[in-house]
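Working notes, structure below.
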Amino acid sequence: MRFLTALAVALACGCSSHEEPARAGVEGWDREIAVPVAIDRNPDPNVVEIDLEARLADVEIRPGVKTRAWTYDGGVPGPTIRAKVGDELVVHFKNSLPEATTIHWHGVRVPNAMDGAGGPSIAAGATFEYRFRLPDAGTYWYHPHVHSAAQVGYGLYGALIVEDPGEPWFGDEATIVLSDVGLLEDGTIGDATLGGPIADLFGREGDPMLANGKVAPTIHARAGRPQRWRLVNAAKSRYFQLVMEGHVFHRIGGDGGLRESPVDTARLLLVPGERADVVVVPKGAPGAVLPLRWVPFDRGYGSAFARDPETVLSVRIDAAAEQSAQPLPTRLRSIAPISLEGALRRRVEFTQMEEGGTTVFGIDGARFPAGEPLRAKVGDTDVWEVVNSTDWNHPFHLHGFFFQVLGNDGVPEGEWKDTIDVPKKESRSLVVRYDDRPGAWMFHCHILDHADLGMMSTLIVEGDGTTVPTPPGHAH
Ligand code: C2O
Ligand code: CU
Ligand code: CU
């Protein structure tokens with residue numbers, strides 16, 4: 001079905017450079033990882049209007065065992081929201097959870113009041129209407145920004161795909177939300193405080209790992225026929241380092257849509273919050289099963305020691321190759337580097353402090369909401385140096401604005417990012433320009449246990465003549 005639609009589109013647009021091969025893929029190839037797509041109830045082709053409810057529901061993670069999870073519309077992950085670039089998205093949201101929540105649209109350049117973070121939350125039983133335009137094609141996701149380690153860990157997350165109808169066909173497409181869940185023997189999800197302060201510090205990695213809510217599912221393939229995987233790391237703490245033996249990942253994009261040029265990698269790393277858009281060309285004889293493996297990544301003391309690789313999902317070759325895959329275009333898009341001329345410089349530091357005999361994390365020595373927010377003006381260009389003086393890696397995430405990472409040569413890289421790893425005792429520099437969306441925007445470590453510990457702060461972007469009040473709780 002999906003294949004036929006894709007084929008029809010390919011024929012209709014007459015895309016010449018990178019057509020979908022005439023030979024079909026495997027019918028029902030992605031059935032095991034299928035996630036419902038949110039139903040658009042608005043006939044306007046440029047508006048996607050959906051209902052979404054956060055509620056407790058029983059899901060089946062281990063076969064035959066019911067697990068009470070916190071869900072969007074009863075599923076883990078929640079429904080995939082699909083729209084095309086430029087569309088307006090309207091979400092009639094109902095909070096049927098036992099506590100307050102919000103929805104944060106991770107990566108989307110929303111107006112500040114729609115960001116679902118830092119502002120008022122939606123009380124248990126209350127409703128809220130999110131309404132904003134989707135200005136950029138890409139792979140995004142949505143999740144709560146209240147008690148996020150707990151709420152995300154209990155199952156609240158979903159993918160948001162913003163398509164660019166002008167994009168060539170790269171392969172049979174699947175959106176794959178990677179996560180994990182702290183499942184106990186009896187099938188319940190362990191409390192978010194399990195393990196105490198040591199677990200806060202380490203960041204809780206659940207077991208088992210999940211791909212679209214399934215444990216080690218299988219997808220099917222025809223050898224030589226490319227698949228495009230839009231991967232989202234929705235785990236609250238786990239780094240996903242992925243390997244598929246004998247294969248490379250052609251990384252065509254990530255957080256903010258396509259990269260300028262594809263880049264090949266045998267080990268694909270996604271830190272919490274990050275996305276990767278990759279093309280994989282499965283190879284093997286019919287009947288071969290290719291495991292996609294999670295490989296331990298050393299993000300600091302205790303994170304990789306005595307841990308074995310695990311299968312996240314498997315790709316089964318059902319049929320032989322008919323024709324060899326066309327090479328990817330060497331240029332996917334042009335991304336103008338943000339000019340560094342006149343840029344302001346700022347430095348933020350991920351810090352660890354001793355408090356009452358335990359180590360805690362913060363930013364610039366303070367735990368959110370203590371500490372002073374940063375200030376900037378609409379139209380400013382800033383170079384951020386993000387320094388990590390702690391003993392563990394931390395994924396840095398900025399709300400509201402994409403940035404470009406500066407390479408070792410100091411030149412901005414050809415990709416739009418909103419989340420990057422900052423290795424222990426290292427720093428990363430990035431450049432960001434604030435377009436006209438004033439407000440208080442959060443930035444934080446996306447290991448959600450760390451964010452909740454206080455590794456979070458606010459950037460206040462002021463427009464002409466507007467003054468953005470300091471959010472409640474902050475020192476100033
Ligand atoms: Cu996914 Cu504050 O972020
Ligand atoms: Cu975000
Ligand atoms: Cu962290």
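No experiment lies behind these values; they were computed from the predicted model shown. Atoms within each ligand, like the ligands themselves, are counted from 1 in listed order. Only heavy atoms go into these numbers, but all of them, side chains included; no hydrogens, no water, no symmetry mates. Start at 1 with the first residue, then count along the sequence.
- Minimum-distance N/O/S atom of H394 relative to the Cu ion (ligand 3): ND1.
- Summary: NE2 is the N/O/S atom of H444 found nearest to atom 2 (Cu) of ligand 1.
- If you take CG on D277 and NE2 on H250, they are separated by 13.0 Å, rounding to the nearest 0.5 Å.
- Here H145 reaches atom 2 (Cu) of ligand 1: one of its N/O/S atoms is less than 2.8 Å from the metal.
- For residue H397, no N/O/S atom approaches atom 1 (Cu) of ligand 1 to within less than 2.8 Å.
- Taking atom 2 (Cu) of ligand 1 as reference, H399 places its N/O/S atom NE2 nearest.
- At least one test fails for R238 against the ring of F297: distance under 6.0 Å to the centre or angle within 45° of the axis.
- Each of Y434, F401, F396 was evaluated against W384; a single residue qualifies, F396, per the ring pair (Phe, Tyr, Trp, His ring centres under 6.0 Å) test.
- Taking backbone and side chain together, H143 holds an N, O or S atom under 2.8 Å from atom 1 (Cu) of ligand 1.
- When each of K94, R41, H92 is tested with D51 by the rule side-chain hydrogen bond (donor to acceptor under 3.5 Å, both in side chains), just one qualifies, namely R41.
- Each of H104, H397, H106 was scored for a ring pair (Phe, Tyr, Trp, His ring centres under 6.0 Å) with H145, with one residue passing: H104.
- Atom 1 (Cu) of ligand 1 sits nearest to atom ND1 when only the N, O or S atoms of H106 are considered.
- The local environment of CD1 in I39 is sparse, with at most 12 non-hydrogen atoms from other residues, nucleotides or ligands closer than 6.0 Å.
- Closest N/O/S atom of H450 to the Cu ion (ligand 3): ND1.
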